[in-house]
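Structure, as structure tokens:
Hydrogens, waters and symmetry mates are skipped; everything else that's a heavy atom, side chains included, is used. What you see is a predicted model; the values in this text were computed from it and never measured. The residues of the chain are indexed from 1 along the displayed sequence.
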Amino acid sequence: MTQPAFHRIDGTLYVEGVCANDLAAQFGTPLYVYSREALTAAWHAYADACAGRRASVHVAVKANSNLAVLNVFARLGAGFDIVSGGELARVLAAGGKAENVVFSGVGKTADDMRTALEAGVKCFNVESIPELDRLNAVAGALGKKAPVSLRVNPDVDPKTHPYISTGLKANKFGVAFDDARATYRTAAAMPHLEVVGIDCHIGSQITEIAPYLDAIDKLLELVDQIEADGVQIHHIDVGGGLGIRYDDETPPEIGAFVRTVLDRIEAHGAKTGRARDVFFEPGRSLVGNAGVLLTRVEFLKPGAEKNFAIVDAAMNDLARPAMYDAYHAIEPVAGRNVAAQTYDVVGPVCESGDWLGRARTLAIEPGDLLAIRSAGAYGFVMSSNYNTRPRAAEVLVDGTHVHVARARETVAQLLAGEQILPD
Ligand code: LLP
């Protein structure tokens with residue numbers, strides 16, 4: 001990469017070879033913009049560190065499920081991590097292969113299980129005994145054996161936002177560590193299941209390696225016990241990927257993270273004479289910093305206590321600030337020669353929680369374009385139609401070419417499925 005995918009020329013923001021002002025003029029705002037180069041570079045950070053080792057990368061579809069984005073990864077040979085039948089349909093439509101799909105999620109429906117079994121997914125990450133029972137029944141009815149790994153809750157604190165920490169005892173996810181050995185015995189005895197691996201996921205936006213190693217050590221201890229019971233564990237799925245830099249976070253380099261995890265698992269394999277495959281399920285770190293949300297300033301509104309910049313994107317377009325108090329950098333697309341002031345950047349939705357950035361120092365005027373950075377992960381996918389706001393368009397920039405990855409939704413589309421009462 002000669003220059004970063006998002007860079008400035010004469011003070012104006014460019015995405016690869018395309019000026020952000022031109023994108024907004026052509027496609028309107030709010031507009032999600034992704035860079036193919038940035039997606040590809042993030043993929044290589046994982047894939048290159050896995051090369052030559054028994055490791056594979058399964059893109060967490062939930063972070064960004066646009067077909068064009070998934071297709072970029074499918075072309076690079078990615079596997080995928082899904083949590084619904086809908087996500088499986090997206091992976092297949094984007095050119096991904098079912099045999100490289102792992103199916104996670106705490107509440108899989110029988111329909112979703114059936115579809116995934118018929119498609120031939122690689123593994124079901126199962127989270128409870130009732131789910132094992134259901135999968136066993138569905139597989140039996142289809143005359144198949146379902147490949148399973150149990151998602152074990154290692155009870156480690158990933159030190160992230162409570163809403164996105166998932167591996168603590170208090171969370172709804174996974175099989176409790178103390179019950180896991182017995183649950184494996186139960187699974188192994190079910191006639192239509194085949195135990196193939198073990199899985200965990202401790203949380204998201206984790207910016208240290210240590211919590212992963214704590215979880216892996218606990219998992220490896222368990223693997224020895226499970227194998228002592230005569231059940232073979234062929235793969236270890238370590239869950240999601242690293243956190244990213246939104247503000248001043250300093251996550252380790254992806255390659256270093258991958259190598260440290262693999263070294264730990266391989267060392268255990270060497271000691272016990274058992275080599276195993278390792279799966280990673282990164283989402284945020286593949287797509288987060290490969291996307292921005294462009295939004296236009298509608299009004300500047302001085303207030304008694306603060307100034308507001310009212311923009312045309314809102315909490316329905318990017319829910320993370322309202323939902324997790326999340327920080328996203330907000331930058332004017334072009335410089336402007338006016339006095340900078342401190343603004344809360346807010347949307348038009350009728351909620352005080354509808355904010356995108358607080359106390360930001362910006363030199364802006366109405367009509368200016370802003371870029372909300374790090375919006376590629378959990379951005380568009382979490383958007384809604386609240387206030388009957390059509391969802392934003394998404395474009396994928398590839399050099400100087402702009403591909404419309406998703407056309408802007410229309411109000412007519414929003415009304416299409418609804419009916420008023422008959423006379
Ligand atoms: N695998 C499983 C089973 C997961 O539940 C998740 C994320 C991932 C992989 C991907 O993790 P990542 O590499 O992205 O950290 N909406 C929240 C994040 C929720 C994450 C849920 N699980 C946010 O905007 O911060």
Problem set entry | salt bridge (Lys or Arg N to Asp or Glu O under 4.0 Å) evaluation trace for K62 with E87 | CA-CA 8 Å; K62 65 167 77 68; E87 287 191 350; 5.9 Å; no
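- Pairs engaging residues 15-24 under the side-chain hydrogen bond (donor to acceptor under 3.5 Å, both in side chains) rule: E16-S35 [sequence neighbours left out].
- For T29, the side-chain hydrogen bond (donor to acceptor under 3.5 Å, both in side chains) partners at least two apart in sequence or on another chain are D312.
- To the nearest 0.5 Å, the span separating CG on L222 from CZ on F177 amounts to 5.0 Å.
- A distance-only check finds a donor-acceptor pair linking the side chain of K218 to the backbone of P154 [under 3.5 Å].
- With H201 contributing its side chain and G240 its backbone, the two residues share a donor-acceptor pair below 3.5 Å.
- Atoms CD1 and CG, on I209 and D214 in that order, are 12.0 Å from each other to the nearest 0.5 Å.
- V138 and A110 make their closest contact through CG2-CB, 4.0 Å (heavy atoms, listed as atom of the first residue, atom of the second, distance).
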For this session: Could you walk me through whether S149 and N125 pass the side chain to side chain donor-acceptor pair (under 3.5 Å) test, one step at a time?
Result: CA-CA 5 Å; S149 73; N125 292 336; 2.7 Å; yes
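- Here the two rings, on H235 and F279, have centers that are under 6.0 Å apart.
- Judged as a side-chain hydrogen bond (donor to acceptor under 3.5 Å, both in side chains), and not counting sequence neighbours, the contacts of H328 are R320.
- The salt bridge (Lys or Arg N to Asp or Glu O under 4.0 Å) check on E221 picks up nothing, with sequence neighbours excluded.
- Shown here are the ring-ring contact (aromatic ring centres under 6.0 Å, His included) partners of F103, two or more places apart in sequence or in another chain: F124.
- H7 places a side-chain N or O within donor-acceptor distance of the main-chain N or O of P4, the cut-off being under 3.5 Å.
- Judged by distance alone, the side chain of E409 and the main-chain N or O of R391 form a donor-acceptor pair under 3.5 Å.
- In this structure, R284 contributes its side chain and I244 its backbone to no donor-acceptor pair below 3.5 Å.
- When all heavy atoms of A49 and L262 are compared, the pair lying nearest together is O-CD1, 4.1 Å.
- The shortest non-hydrogen separation linking V404 to V395 is CA-CG1, 4.2 Å.
- In terms of the salt bridge (Lys or Arg N to Asp or Glu O under 4.0 Å) criterion, residue partners of E266 (sequence neighbours excluded) are, by chain and number, R53.
- Contact between N71 and A94 at its shortest, heavy atoms only, is ND2-O, 3.1 Å.
- Checked against side-chain hydrogen bond (donor to acceptor under 3.5 Å, both in side chains), Y212 has no partners two or more places apart in sequence or in another chain.
- Between F80 and K97, every side-chain heavy-atom pair lies at or beyond the 4.5 Å cut-off.
- Crowding of D10 atom CG: a count of heavy atoms from other residues, nucleotides or ligands under 6.0 Å not exceeding 12.
- The side-chain contact (heavy atoms from CB on, under 4.5 Å) test applied to T40 returns R36, H44, V72, L76, not counting sequence neighbours.
- Taking both residues in full, the closest heavy atoms of I364 and L300 are given as O-CD1, 3.4 Å, listed atom of the first, atom of the second, then distance.
- The salt bridge (Lys or Arg N to Asp or Glu O under 4.0 Å) test applied to R360 returns no partner, not counting sequence neighbours.
- Qualifying salt bridge (Lys or Arg N to Asp or Glu O under 4.0 Å) partners for D344, counting only residues two or more places apart in sequence or in other chains: K306.
- Here the CD-CG distance, from E351 to N316, works out to 10.5 Å after rounding to the nearest 0.5 Å.
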Identify each donor-acceptor pair in which a side-chain atom of residues 329-336 lies under 3.5 Å from a protein atom, sequence neighbours left out, and give them as a table.
residue : atom : partner : partner atom : Å
E331    : OE1  : R8      : NH2          : 3.0
E331    : OE1  : R373    : NH1          : 3.2
E331    : OE2  : R373    : NH1          : 3.4
R336    : NE   : D368    : OD1          : 3.1
R336    : NE   : D368    : OD2          : 2.8
R336    : NH2  : D368    : OD1          : 2.8

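- Listed here is the closest heavy atom pair of V195 and A187: CG2-CB, 4.0 Å.
- Within the structure, side-chain hydrogen bond (donor to acceptor under 3.5 Å, both in side chains) pairs that include any residue of residues 113-124 comprise D111-R114 (at least two apart or interchain).
- When side chains are defined from C-beta on, C50 counts as touching F280, because their heavy atoms get closer than 4.5 Å.
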